[in-house]
Enquirer: 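Structure provided below as structure tokens; questions to follow.
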Number of protein chains: 2
Amino acid sequence: MLSSRDEIAETIRKSGHRVTPQRIIVYEALWRAGSHPSVSDIHEYASKIDPSISLATVYKILQLFTEIGLVREMGFRDGSARYDPDVNFHINLICNECGKIEDYDCISFEEIAPNLNQRAGFQVQSHNFEVRGICSQCRDIR
Amino acid sequence: MLSSRDEIAETIRKSGHRVTPQRIIVYEALWRAGSHPSVSDIHEYASKIDPSISLATVYKILQLFTEIGLVREMGFRDGSARYDPDVNFHINLICNECGKIEDYDCISFEEIAPNLNQRAGFQVQSHNFEVRGICSQCRDIR
DNA sequence: CTGCTTGCAAAACTTTTGCAGACGG
DNA sequence: CCGTCTGCAAAAGTTTTGCAAGCAG
């Protein structure tokens, strides 16, 4: 995570966009509104800090953050999008029973698909690696 | 792909569900309505075979197929869900420019995350590995 | 026959859009 | 100050639901 507000502001500014209070709040909400939060989660958390922040604004900011690589859009299909502020390569373990999402570290992407750029001519910008199943807690309950 | 209608019917029956013409049509549409089709794509294709098939029915059937492992729900977030009838482990290369989705084979999942079940107590049911970027064609145009 | 499935239409959500006013640099 | 950004409200989609009628087994 980017440690301070200054660092976040710097990243936004460098990408050619303006630093606004709403953007700072949304970035904080991304990390604090629970793990892999939905847009609603983020908006709910952000509203605690600034009740006037609008849902549409949250959508727009998340779109911007995705473009500049500050967050990763998860293809979590429960009707709504989920966001992962950890943009480093990792596996998301999603429990089909309780819905919990856990991060799991594995070997590097380069080891998984060596020279993807040369072989397929594909220039990688982001990853989304989801594995669904039953987590240990839900398995034990059964 | 399951080669014949009989095989598909058998799989559905074995899962404890009824075999209906709509289910057979949707399964065929999954493979023929283009690569990684959306629900609309599938419904459109299915309608050519049976114009009376309803969109709600297609949704319900896709939900069932996902549960019994006959198809994989992709977390492709362009507003609508996408489905991949190839449930074998592979990478989906998604072009951020033109939207094209390509399949890419890589090392096995067991090599990527060895003994996931023992290590994390996670019982894997399905995979969804998406890599976004720019495809060779779009890169050449630039 | 029984009760799972379908089709229809409405409802519930999520996400996008257009615009006037606010404000960051 | 200029041009980007926000908030609002409406619009556009997508997905779900309830129910009566239809069919698979």
Side-chain angles (χ1 to χ4, degrees), chain A residues 5-6 8-27 29 33 36-44 46-68 70-71 73-83 99, chain B residues 5-6 8-27 29 33 36-44 46-68 70-71 73-83 99:
Chain A
R5 297 192 178 193
D6 286 349
I8 302 156
E10 185 61 16
T11 305
I12 295 171
R13 198 175 294 113
K14 272 187 182 163
S15 75
H17 297 90
R18 292 184 177 169
V19 177
T20 66
Q22 289 90 340
R23 286 176 179 173
I24 301 294
I25 292 170
V26 166
Y27 190 79
H36 311 83
S38 68
V39 182
S40 286
D41 295 335
I42 297 165
H43 180 238
E44 212 167 302
S47 295
K48 288 181 193 163
I49 303 170
D50 173 5
S52 73
I53 198 166
S54 127
L55 183 59
T57 298
V58 174
Y59 270 102
K60 286 168 191 164
I61 292 176
L62 288 171
Q63 222 166 346
L64 173 69
F65 282 5
T66 302
E67 279 167 27
I68 66 180
L70 222 43
V71 76
E73 216 173 22
M74 292 180 63
F76 192 79
R77 293 220 59 81
D78 62 345
S80 61
R82 296 285 179 122
Y83 289 85
Chain B
R5 298 191 176 193
D6 286 348
I8 302 157
E10 185 61 14
T11 305
I12 295 171
R13 198 174 295 112
K14 273 187 182 163
S15 75
H17 297 90
R18 292 185 178 169
V19 177
T20 66
Q22 289 89 339
R23 287 176 177 172
I24 301 293
I25 292 171
V26 166
Y27 190 80
H36 309 83
S38 67
V39 182
S40 286
D41 295 335
I42 297 165
H43 180 238
E44 212 167 303
S47 295
K48 288 181 194 164
I49 302 170
D50 173 5
S52 73
I53 198 165
S54 128
L55 183 60
T57 298
V58 174
Y59 271 102
K60 286 169 190 163
I61 292 176
L62 288 171
Q63 223 166 345
L64 172 70
F65 281 5
T66 302
E67 278 167 27
I68 66 179
L70 222 43
V71 76
E73 216 172 22
M74 294 180 62
F76 192 79
R77 292 219 59 81
D78 63 344
S80 61
R82 295 286 179 123
Y83 288 85

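Computed from a predicted structure; not experimentally measured. Below, chains carry the letters A, B, ... as their sequence lines are ordered, and counting in each starts from 1.
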Enquirer: Nearest whole angstrom, please: distance from the C1' of dG13(D) to the NE2 of H43(B).
Expert: 16 Å
Enquirer: Going through the distances and angles, do Y59(A) and H43(A) end up as a side-chain contact (heavy atoms from CB on, under 4.5 Å)?
Expert: CA-CA 9 Å; Y59(A) 270 102; H43(A) 180 238; over 6 Å; no
Enquirer: So, OP1 or OP2 of dT16(C): does either fall under 4.0 Å of a side-chain N or O from Y59(A)?
Expert: no
Enquirer: Just how far, in rounded Å, is P of dT15(C) from CD of E73(A)?
Expert: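 In whole Å, dT15(C) P and E73(A) CD are 9 Å from each other.
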Enquirer: Would you say the side-chain atoms of R82(A) pair up with the backbone N or O of M74(A), donor to acceptor, closer than 3.5 Å?
Expert: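 Judged by distance alone, no pair lies under 3.5 Å.
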Enquirer: Atom CD1 of I25(A) and atom P of dC5(D): how far apart are they, to the nearest Å?
Expert: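 It works out to 16 Å between those atoms.
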Enquirer: If you look at every heavy atom in S38(A) and S80(A), which pair is closest and at what distance?
Expert: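 Closest approach of S38(A) to S80(A): CB-OG, 4.1 Å.
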Enquirer: Can a side chain N or O of R23(B) be found less than 4.0 Å away from OP1 or OP2 on dT6(C)?
Expert: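 R23(B) to dT6(C) OP1/OP2: side-chain N or O found under 4.0 Å.
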Enquirer: Which residue lies toward the 5' end of DNA chain D, V39(B) or I61(A), if each is placed at its nearest nucleotide?
Expert: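 Looking at DNA chain D, the more 5' nearest nucleotide goes with I61(A).
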Enquirer: Expressed in angstrom and rounded to an integer, what is the separation of I24(B) atom CD1 from dT6(C) atom P?
Expert: 11 Å
Enquirer: Among L70(B), D41(B), V39(B), which residue satisfies the side chain to side chain contact (heavy atoms under 4.5 Å, CB included) criterion with Y83(B)?
Expert: V39(B)
Enquirer: Specify the separation, in whole Å, of atom CZ of R82(B) and atom P of dG13(D).
Expert: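 Answer to the nearest Å: 16 Å.
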Enquirer: Return the residues of residues 47-54 of chain B meeting this criterion: a heavy atom under 4.0 Å from some atom of DNA chain D. Order them by number, or give none.
Expert: none
Enquirer: Across the strands shown, which category fits T57(B) at heavy-atom distances under 4.0 angstrom: base, sugar-phosphate, nothing?
Expert: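 Base, at least one base atom sits under 4.0 Å.
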Enquirer: Reading nucleotides 18-25 of chain C from the 5' end, what letters show protein touch, with B for base, S for backbone sugar-phosphate only, - for no heavy atom under 4.0 Å?
Expert: B-----BS
Enquirer: Can you tell me how far OG1 of T20(B) sits from CD1 of I53(B), rounded to the nearest 0.5 angstrom?
Expert: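 If we round to the nearest 0.5 Å, I53(B):CD1 and T20(B):OG1 are 8.0 Å apart.
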Enquirer: Partners of R18(A) by salt bridge (charged side-chain N to carboxylate O under 4.0 Å, His left out), sequence neighbours excluded?
Expert: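 If we apply the salt bridge (charged side-chain N to carboxylate O under 4.0 Å, His left out) test to R18(A), skipping adjacent residues, there are no hits.
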Enquirer: When the distance from CG of L55(B) to P of dT14(D) is rounded to whole Å, what number comes out?
Expert: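 To the nearest whole Å, that distance equals 9 Å.
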Enquirer: State whether Q22(B) places a side-chain N or O below 4.0 Å from either non-bridging phosphate oxygen (OP1 or OP2) of dG7(C).
Expert: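 Yes, such a contact exists.
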Enquirer: Starting at CD1 of I24(B), measure out to CG of D50(B) and round the result to the nearest 0.5 Å.
Expert: 13.0 Å
Enquirer: Nearest 0.5 Å, what's the CD1-NZ distance between I25(A) and K48(A)?
Expert: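 Here the rounded value is 13.5 Å.
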Enquirer: Heavy-atom count check: over 12 atoms from other residues, nucleotides or ligands less than 6.0 Å from E73(A) CD?
Expert: yes
